[in-house]
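To keep things clear, I will list the structure first and then write my remarks on it.
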There are 2 protein chains.
Amino acid sequence: MRELTPRQREIVLLIQEAIRNNGIPPTRAEIAGALKFRSVNAAEQHLRALERKGAIELLRGTSRGIRLKDAFREGSLRTMPGLPLVGRVAAGEPILAEEHIEARHRIDLDLFEAPPHFLLRVHGMSMKDAGILDGDLVAVHRTSEIRNRQIIVARLEDEVTVKRYRQEGHRVWLMPANAEFDPIEIDLREQQFTIEGVVVGVVRDSMRSR
Amino acid sequence: MRELTPRQREIVLLIQEAIRNNGIPPTRAEIAGALKFRSVNAAEQHLRALERKGAIELLRGTSRGIRLKDAFREGSLRTMPGLPLVGRVAAGEPILAEEHIEARHRIDLDLFEAPPHFLLRVHGMSMKDAGILDGDLVAVHRTSEIRNRQIIVARLEDEVTVKRYRQEGHRVWLMPANAEFDPIEIDLREQQFTIEGVVVGVVRDSMRSR
DNA sequence: ATACATACTGATAATATATACACATACGGT
DNA sequence: ACCGTATGTGTATATATTATCAGTATGTAT
């Protein structure tokens, strides 16, 4: 997609503003008015150019039929479908496969230190002492760069698990936060496991989960 | 604001859907078409009724000039300033006083069983075994109707505290979820305390809080 | 030198849309 | 019995809006 010209960016800004303020996109006449065009056709031509460049989509024969394409839409949160909530994950399938997505929830990303990419429902009490209970949702930031003592989401023989990470050389321990559970030891030279991400937050529906 | 009729709710739903799918509100004709009205005026009348009830705002002389009022806007997230985050509460002041509001955070309300009215930062580890750690945010639904064993936010001699509720006759215990803390006993005939609400959820920024 | 995108003015036709008016039925409250 | 609200049908019209045609001027790449 080619770059937008400054004037075209102004038009996009104007459309965003109209949607934010009035809930509806502007008409050609309103665009012309705002930018002091004497001709509505100037607005029309700009819209056509923006459509060619893929910034907007024009619905023909429709009043105010201007649709901002994703990249030009405002406020990530505002338009984002929301973080996918991943439930049980079937063996051999990617964690974010559509089948696993139970719902989507919108949450201010700045509630967390690092932006989460998805939510995962936790089963079992193995992380109880870390304040993660059965049924809780953990907010997960997808990354493979993790440090010791971080709580991570890992994949181990097709099971998804949430544990505290500890590595020494080629040996990795997945540490539960509950005395009733045993650590899982992994030898990186023999076994393979995948790190899906790091837990950046927890969301609990207190009344439902207990 | 009076309740909406089922038919009126359908109209609101339709408007939400149109905005979600097309980015623009529907015309009267589109509403009539979708609901199989033979007359566009049926749609007009519904819109007028919805405007009277405060669900929408109609921009006169404007095509697609339908604006959903906050409470009826989708996601509520989109427009809501967000749940107020309450930090330390000063003695003698209402919990939601402006001075206590550290920030506002937008969260899908349907993440929780009951809609939260505000977030409160928890200090201390007294609810550790209930998975509520120091620095966590609890989502609070303001109500005075609470049942035994629910985790509540109470006010006791100008201190705001989160504890599990237990009542027998005129005696109330505020139970910590941590063996290192003692229950607080209250005699309703002598002491007075205020119930600020019930905890409906927990939100934790894992990386910041530890 | 010529083609092509940008950035407009100005006018007009076609149609999309809002809105008013007349009328009908059903239902709940007074 | 009467009124107001909800839920429609049907017709008509003013106007809001899209869309097209005919130009002008400027810069940039070929």
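Letters A, B, ... are given to chains in the order of the sequence lines, protein chains preceding strands, and every chain is numbered from 1.
- Relative to the side chain of A/Ser63, the nucleotides C/dT19, C/dA16, D/dG8 differ in distance, and C/dA16 lies closest.
- Defining each end axis of the helix from C/dA1-D/dT30 to C/dT30-D/dA1 as the rotation carrying four pairs' C1' atoms onto the next four, with five pairs an end, the two axes are found to diverge by 30° to 10 degrees.
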Item to check | Stepwise salt bridge (charged side-chain N to carboxylate O under 4.0 Å, His left out) check, A/Arg60 with A/Glu51 | outcome: CA-CA 12 Å; A/Arg60 301 310 153 113; A/Glu51 190 180 36; 2.4 Å; yes
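- Between D/dT7 and B/Thr5, a contact under 4.0 Å exists linking OP1 or OP2 to a side-chain N or O.
- Remark: B/Gln8 is in phosphate contact with D/dT7, judged by side-chain N or O atoms under 4.0 Å from OP1 or OP2.
- Distance check, rounded to the nearest 0.5 Å: CD1 of B/Ile132 to CZ of A/Arg204 gives 6.0 Å.
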Checklist outcome for this item: Counting primed atoms, P, OP1 and OP2 as sugar-phosphate and everything else as base, the B/S/- map of nucleotides 20-26 of chain C against protein heavy atoms under 4.0 Å is SBB----
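- For B/Thr27, the listed nucleotide lying nearest its side chain is C/dA18; candidates were C/dA18, D/dT7, D/dT17.
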Checklist entry - When you look at A/Phe118 and A/Leu83, which way does the side chain to side chain contact (heavy atoms under 4.5 Å, CB included) test go after all the steps? => result CA-CA 5 Å; A/Phe118 63 94; A/Leu83 291 182; 5.6 Å; no
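- Ion pair B/Arg106/A/Asp108 flagged as a salt bridge, since at least one NZ, NE, NH1 or NH2 atom sits closer than 4.0 Å to an Asp/Glu carboxylate oxygen.
- Taking CD from B/Glu17 and CD from B/Glu10, the interatomic distance works out to 11.0 Å, rounded to the nearest 0.5 Å.
- The nearest whole Å value for the distance from the CD1 atom in A/Ile31 to the C1' atom in C/dA7 is 14 Å.
- Nearest nucleotide to the B/Arg38 side chain, out of D/dA16, D/dA6, D/dT9: D/dT9.
- With rounding to the nearest 0.5 angstrom, the CE atom of B/Met127 is 11.0 Å from the CG atom of B/Leu133.
- Place B/Phe37 and B/Gly61 on DNA chain D by their nearest nucleotides, and B/Phe37 ends up nearer the 5' end.
- A straight line from CD of A/Glu10 to C1' of C/dC8 spans 14 Å, rounded to a whole angstrom.
- Distance from the side chain of A/Lys53 is smallest for C/dT6 among the nucleotides C/dT6, D/dA6, D/dT17.
- Considering CD1 of A/Ile152 and CZ of A/Arg147, their distance stands at 13.0 Å, rounded to 0.5 Å.
- The distance between atom CG of A/Leu47 and atom C1' of C/dC8, rounded to the nearest whole Å, is 14 Å.
- Atom CZ in A/Arg64 sits about 10 Å away from atom C1' in C/dT17, given to the nearest Å.
- A/Leu59 places its CG atom 10 Å from the P atom of C/dT17, with the value rounded to the nearest Å.
- Atom CD1 in A/Ile24 sits roughly 15 Å away from atom C1' in D/dT18 (whole-Å rounding).
- For the pair A/Arg28 CZ and D/dA19 C1', the interatomic distance rounds to 8 Å; values are reported in whole Å.
- Counting any heavy atom pair closer than 4.0 Å across all strands shown, B/Ala42 reaches a base atom.
- A straight line from CZ of B/Arg7 to P of C/dC27 spans 16 Å, rounded to a whole angstrom.
- At D/dG8, one or more side-chain N or O atoms of B/His46 fall inside 4.0 Å of OP1 or OP2 (strictly under the cut-off).
- One can find a donor-acceptor pair under 3.5 Å joining the base of D/dG10 and the side-chain atoms of B/Ser39.
- The residues A/Arg155 and A/Glu159 are annotated as not salt-bridged, no charged nitrogen and carboxylate oxygen being separated by less than 4.0 angstrom.
- From B/Ile15, atom CD1 reaches atom CD1 of B/Ile24 across 13.0 Å, with rounding to the nearest 0.5 Å.
- A distance below 6.0 Å separates the ring centres of B/Phe37 and B/His46.
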